[in-house]
Amino acid sequence: MPRELLTIEVSRTAPRHALLRLAGELDFDTAPELTRVANQVRAEGYDEVTVDLTDVTLCDSSGLSAIVVLYRSGARSVRLTGMNERVQQLLTRTGLAELLAGPRPAERADGAAPADGSREVG
């Protein structure tokens, strides 16, 4: 079976907002591509970044590291969406869920998370 590579589709959805749609494996071999693309959109002045992980089939520690690099890059906000159960579990087990936790969009007064599973970080 051929190795599934990572593809990143960039949409500049608003003057300061970029959406990065990832598909494939976010791992040791592909995480530098996420860092490169994120740095590129930040250099273009996009300081609000949404990372859509809906089509990510695998995320390892290198993938998590790339997400942390993005979080620490100085972006005004970083939002992760489409996290599957495995990615959410990986964030929780590594303690990164707490690090990346921040105000959640549309958070209800009772503290419930948004129905779409998104998390705003930073």
Side-chain angles (χ1 to χ4, degrees):
M1 179 188 307
R3 179 154 162 44
E4 188 174 349
L5 299 178
L6 180 71
T7 60
I8 303 173
E9 177 186 325
V10 180
S11 301
R12 290 152 179 89
T13 58
R16 297 175 66 169
H17 182 261
L19 171 64
L20 309 180
R21 281 192 189 95
L22 281 55
E25 297 181 358
L26 182 56
D27 62 9
F28 178 81
D29 294 321
T30 61
E33 181 66 7
L34 173 57
T35 302
R36 186 191 67 73
V37 170
N39 287 338
Q40 178 183 345
V41 297
R42 290 269 302 114
E44 294 172 4
Y46 296 90
D47 63 354
E48 297 174 6
V49 180
T50 298
V51 180
D52 182 354
L53 302 169
T54 301
D55 295 321
V56 170
T57 57
L58 178 136
C59 182
D60 70 4
S61 61
S62 297
L64 292 180
S65 178
I67 292 170
V68 171
V69 166
L70 175 58
Y71 169 73
R72 292 185 173 167
S73 71
R76 201 171 98 205
S77 73
V78 176
R79 183 175 180 216
L80 304 178
T81 64
M83 291 181 291
N84 63 38
E85 186 176 329
R86 288 182 191 165
V87 173
Q88 288 179 351
Q89 191 175 55
L90 192 55
L91 288 169
T92 301
R93 286 186 177 176
T94 59
L96 289 174
E98 288 183 35
L99 171 71
L100 301 176
R104 295 181 185 191
E107 187 169 2
R108 298 188 334 217
D110 64 2
D116 68 358
S118 67
R119 173 185 304 271
E120 185 168 338
V121 295

Colleague: Under 4.5 Å between side-chain heavy atoms, counting indirect links through other Ile/Leu/Val/Met/Phe/Trp/Tyr residues: same cluster for Val10 and Tyr71 or not?
Modeller: yes

Colleague: Using the rule that two of Ile, Leu, Val, Met, Phe, Trp, Tyr join whenever any of their side-chain heavy atoms come within less than 4.5 Å, decide whether Leu90 and Leu70 are in one cluster.
Modeller: yes

Colleague: Looking at Leu91 and Leu80, what are the two nearest heavy atoms and their distance?
Modeller: CD1-CD1, 4.4 Å

Colleague: If hydrophobic clusters are built by linking Ile, Leu, Val, Met, Phe, Trp and Tyr wherever their side-chain heavy atoms come under 4.5 Å apart, do Leu53 and Leu96 end up in the same one?
Modeller: yes

Colleague: Hey, could you give me the CD/CE distance between Gln89 and Met83, rounded to the nearest 0.5 Å?
Modeller: 13.0 Å

Colleague: Are the side chains of Leu20 and Glu9 in touch, meaning some heavy atoms are under 4.5 Å apart?
Modeller: no

Colleague: Calculate, to the nearest 0.5 Å, the distance between atoms CD and CZ belonging to Gln40 and Arg36 respectively.
Modeller: 5.5 Å

Colleague: In the structure I gave you, are the side-chain heavy atoms of Val68 and Leu64 within less than 4.5 Å of one another anywhere?
Modeller: no

Colleague: If you look at every heavy atom in Ser62 and Ala31, which pair is closest and at what distance?
Modeller: O-CB, 3.3 Å

Colleague: Please answer whether the main-chain N or O of Gln88 pairs with a side-chain N or O of Thr92 as donor and acceptor at a distance below 3.5 Å.
Modeller: yes

Colleague: Starting at CG of Leu5, measure out to CG of Leu26 and round the result to the nearest 0.5 Å.
Modeller: 12.5 Å

Colleague: Going from OG1 on Thr57 to CG on Asn84, what distance comes out if it is rounded to the nearest 0.5 angstrom?
Modeller: 9.0 Å

Colleague: What heavy-atom pair brings Pro15 and Tyr46 nearest, and what distance separates the two atoms?
Modeller: O-CE2, 3.6 Å

Colleague: Starting at OG of Ser61, measure out to CG of Asp27 and round the result to the nearest 0.5 Å.
Modeller: 9.5 Å

Colleague: Contact between Arg12 and Val41 at the side-chain level, heavy atoms closer than 4.5 Å - yes or no?
Modeller: yes

Colleague: What is the distance from atom CG of Asp29 to atom CG of Asp60, rounded to the nearest 0.5 Å?
Modeller: 8.5 Å

Colleague: Against Thr50, only a single residue in Arg79, Arg21, His17 fulfils side-chain hydrogen bond (donor to acceptor under 3.5 Å, both in side chains); can you say which?
Modeller: His17

Colleague: Look at the side-chain heavy atoms of Ile, Leu, Val, Met, Phe, Trp and Tyr, link any pair under 4.5 Å apart, and say whether Leu19 and Ile8 land in one connected group.
Modeller: no

